[in-house]
Amino acid sequence: MKRKTHMLATDLDGTLVGDQEALRQLFVHYDDLPYETALVYVTGRHLASAVSLMEAEDLPQPDILITDVGTAIYRTDRLEEDEEWRRRMKADWQPNRIIEEASAFPALLRQDLPDHRRVSFTIPTNDRSVNEFGKVLNQKAIPHQMIISSNRDVDILPRKSGKGNALTYVIDKYADQDVEVLIAGDSGNDIDMLTLGYPAVIVGNAQPELLAIASHPDLFRAREHCAGGILEAWHYFYA
Ligand code: GLC
Ligand code: MG
């Protein structure tokens with residue numbers, strides 16, 4: 001991956017995945033380019049769920065797979081987890097206290113996840129109790145960050161995780177130091193990576209929470225949806 005001059009770091013659901021014909025055209029474009037592009041998938045899904053989506057959609061194998069909203073990083077040559085990142089995620093992380101505090105908020109439905117790397121919930125549209133829950137976590141000084149996506153998913157994550165921090169770590173550790181990056185996303189859990197300062201694209205079908213991000217010369221708002229928006233942005237930034 002250190003030899004690849006370019007990198008596409010993209011969310012899966014609603015960004016890379018969602019329009020099969022556009023997806024096909026995007027990868028035809030990458031195959032035709034005179035340079036190699038590293039592929040990094042950055043998803044909210046857990047590993048098994050991400051792998052099953054990749055199989056169902058026949059996605060190319062990425063160089064790196066970041067799952068669980070940036071709380072786990074896998075090198076996909078052997079699906080080996082990055083142990084250093086795993087160690088960092090454990091610092092300060094107290095999932096049992098978070099679960100206990102959440103039990104006072106019946107509107108928060110715990111997502112069924114295979115482990116406690118993160119604690120995630122689904123909430124009814126426009127539920128307000130999630131704000132109260134956040135206040136309790138802060139008052140009790142339980143280290144965390146809260147990310148709300150699509151007015152539905154609430155992820156409580158270790159403080160130093162998130163897609164943006166995980167992607168920064170991956171670029172520093174695994175990529176060429178001059179790599180030309182494009183970051184793509186469509187919902188709340190993508191905001192911290194879309195605003196890292198690298199060229200980035202908000203696809204045309206993005207969730208309303210992305211309308212609020214401040215404009216920036218390196219932040220491109222695509223007209224096209226899903227993979228079509230990524231291709232539109234690739235032409236805009238790199239040809
Ligand atoms: C994906 C995950 C879900 C998470 C959401 C937002 O849908 O499957 O667990 O809460 O992304 O990050
Ligand atoms: Mg998405």
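Order of appearance sets the numbers: ligands from 1, and atoms from 1 within every ligand. What you see below is based on every heavy atom in this structure, not just the backbone, and it leaves out hydrogens, waters and symmetry mates.
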Apply salt bridge (charged side-chain N to carboxylate O under 4.0 Å, His left out) to residues R88 and E84 and explain how you reach the verdict.
CA-CA 6 Å; R88 290 193 198 184; E84 165 65 16; 3.0 Å; yes
Could you name the protein residues that come within less than 4.0 Å of ligand 1, counting only heavy atoms, and order them by chain and residue number?
G44, R45, V69, Q111, R118, S149, D153, D155, N189
I would like to know whether S120 and D155 meet side-chain hydrogen bond (donor to acceptor under 3.5 Å, both in side chains); could you show each step before the answer?
CA-CA 4 Å; S120 296; D155 299 308; 2.6 Å; yes
Under the 3.5 angstrom rule, does the side chain of Q145 hit a backbone N or O of S161 as a donor-acceptor pair?
yes
Heavy-atom donor-acceptor pair, R117 side chain to L157 backbone, under 3.5 Å:
no
Any chance the side chains of D82 and Y174 put a donor and an acceptor closer than 3.5 Å?
yes
What lies under 2.8 Å from the Mg ion (ligand 2), restricted to protein N/O/S atoms, is D11 OD2, D13 O, D186 OD1
Any side-chain heavy atom of L53 within less than 4.5 Å of one from V51?
no
Are any of the side-chain heavy atoms of Y74 and E80 separated by less than 4.5 Å?
no
Evaluate the ring planes of W234 and Y30, with Trp represented by its six-membered ring, and classify them as parallel (under 30°), tilted (30 to 60°) or perpendicular (over 60°).
perpendicular
Report the C-alpha separation of R3 and D176 in whole Å, then their side-chain angles, then the decisive distance to 0.1 Å, and conclude whether the salt bridge (charged side-chain N to carboxylate O under 4.0 Å, His left out) test is met.
CA-CA 6 Å; R3 286 194 310 271; D176 182 276; over 6 Å; no
